[in-house]
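Below is one structure, written out as structure tokens; comments come after it.
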Amino acid sequence: MRLVLMLVLILREKLLTQDLETPVYKGLHHHGKEPEVAGYSLEELFLLARSTMQSQRITALHTLAHILDNYWYGMMDACFEEPLLPIMLDAGIVPLLRWALDDTSITSVAATISVIHSLLISKSDEICLQRTFCWLNGHIMPQLEPQNLIESNVVTEELTDADLIKLDVVKAFLRMDILPRFYYILQVLQPPPLVCKLIIEICAHLAQHSIESAKQVINYQELLKLIFEKFMPLHWQFVEGSKLTDTVNFSYPVASAIKTRAYHCIIK
């Protein structure tokens, strides 16, 4: 599906009109039905994310992450005839990301986690929550479960994956066994510290969604034990910045792990 008003371009991370004339030697051009048009539509990005070439998959995933970040910052408001996020959900971004998460390449997995983080979490909202934490009742976090899902008493177990994604992305990811995959990535692949931080922040966001989702997170004891042991160690050795490695950083305290621990204590 090609977007109606504007074409999503990988050219200085901006949206440009589809009729803009851009030489083929400038920016990136796809090689589909309109190779002379610069950039990629969402449909073409999703196709590129399934490429057999790792570099193309990573390029597509990084671009999707930037698009979602800009969406949460409000930079794409009024750019399209319809809200961008529902368009991306209808186009199948959730199954695409869950499929990409099973990649054996740590580079591809890192790019996928970045997109999942950008899809679920608004960075500006998180900053506001952090800055208001010291206020009266600032520790009380808003529940993220869609209100229409609560009021209509929908039985999610009876919904298909496609229907559930339209109603609640968090529950869709949980149904797709994202927690066991996170455990495998942290335990076996041991990605760089930034990727570990993103995974823990996603887990905290899943727990913040609702009581039911929080219980699913805390009941996965292997994952929580790994997070608490590796990212909330009681003892660690000081290492000079110049000597830091991914392995060393893997056993250092991570602030976002404390948030996950807090939800664990609240539910318990």
Side-chain angles (χ1 to χ4, degrees), residues 58 61 65 94-121 123 126 129-130 133 139 141 143-145 168-239 241 243-268:
I58 293 174
L61 291 168
V94 173
L96 170 65
L97 295 177
R98 184 59 189 88
W99 170 82
L101 201 60
D102 288 335
D103 201 308
T104 56
S105 166
I106 186 60
T107 308
S108 296
V109 168
T112 303
I113 290 171
S114 176
V115 184
I116 295 175
H117 187 277
S118 298
L119 174 64
L120 294 177
I121 300 174
K123 294 182 176 64
E126 290 299 308
L129 289 173
Q130 291 174 10
F133 182 82
H139 64 286
M141 308 294 286
Q143 183 170 298
L144 301 176
E145 186 173 13
D168 195 325
V169 176
V170 168
K171 287 189 176 180
F173 271 123
L174 288 171
R175 178 187 285 186
M176 294 177 182
D177 293 332
I178 195 172
L179 295 178
R181 185 58 186 171
F182 280 165
Y183 174 74
Y184 177 85
I185 292 171
L186 292 174
Q187 177 71 16
V188 179
L189 300 184
Q190 296 194 6
L194 177 59
V195 180
C196 296
K197 177 177 178 290
L198 294 180
I199 290 177
I200 297 172
E201 289 178 354
I202 293 171
C203 289
H205 187 82
L206 296 177
Q208 185 185 343
H209 173 269
S210 61
I211 296 296
E212 179 185 349
S213 299
K215 287 181 178 179
Q216 285 187 254
V217 174
I218 68 171
N219 286 337
Y220 201 97
Q221 293 297 318
E222 294 88 349
L223 176 61
L224 285 186
K225 183 179 179 181
L226 176 64
I227 290 176
F228 298 157
E229 289 181 353
K230 294 292 185 179
F231 305 103
M232 291 181 61
L234 298 178
H235 306 282
W236 62 91
Q237 185 177 2
F238 174 78
V239 179
K243 298 181 180 180
L244 285 176
T245 64
D246 290 344
T247 303
V248 170
N249 283 337
F250 193 75
S251 296
Y252 261 63
V254 177
S256 51
I258 301 175
K259 190 175 181 180
T260 307
R261 179 64 173 175
Y263 289 124
H264 176 258
C265 294
I266 291 171
I267 296 300
K268 285 293 186 180

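On a predicted model such as this, the values are computed, not experimentally measured, just so you know.
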Test item: Val109 and Val195 side chains (from C-beta on) under 4.5 Å apart, heavy atoms: no
Residues Arg181, Met176; criterion side-chain contact (heavy atoms from CB on, under 4.5 Å); working and verdict: CA-CA 9 Å; Arg181 185 58 186 171; Met176 294 177 182; over 6 Å; no
Non-hydrogen side-chain atoms of Leu206 and Ile178 separated by less than 4.5 Å: yes
Flag side-chain contact, heavy atom, 4.5 Å: Ile121 against Glu126: yes
Atom pair CD/OH of Glu222 and Tyr184 - distance to nearest 0.5 Å: 16.0 Å
Heavy-atom pair with the smallest gap, counting every atom of Ser114 and Leu198: CA-CD1, 4.1 Å
Audit row: Lys197, Glu201, side-chain contact (heavy atoms from CB on, under 4.5 Å) steps and yes/no: CA-CA 6 Å; Lys197 177 177 178 290; Glu201 289 178 354; 2.5 Å; yes
Inter-residue atom distance Ile199.CD1 - Ile116.CD1, 0.5 Å rounding: 9.0 Å
Spacing of CG belonging to Leu61 relative to OG belonging to Ser108, to within rounding of 0.5 Å: 7.0 Å
Flag if over 12 foreign heavy atoms under 6.0 Å of NZ, Lys123: yes
Straight-line distance of Leu226 CG to Phe182 CZ, nearest 0.5 Å: 13.0 Å
Arg175 side, atom CZ; Asp168 side, atom CG - distance, nearest 0.5 Å: 10.5 Å
Taking every non-hydrogen atom, the tightest pair across Cys196 and Pro191: SG-O, 3.4 Å
Taking every non-hydrogen atom, the tightest pair across Val217 and Ala207: CG2-N, 4.0 Å
His205 vs His117 side-chain heavy atoms within contact, under 4.5 Å: no
Val94 vs Leu119 side-chain heavy atoms within contact, under 4.5 Å: yes
His209 side, atom NE2; Leu120 side, atom CG - distance, nearest 0.5 Å: 9.5 Å
Note, Leu96 side chain near Val115 side chain (heavy atom, < 4.5 Å): no
Within-4.5 Å side-chain heavy-atom neighbours: Ser213 and Leu174: yes
Check: Phe173 and Leu101 side chains under 4.5 Å, non-hydrogen atoms: no
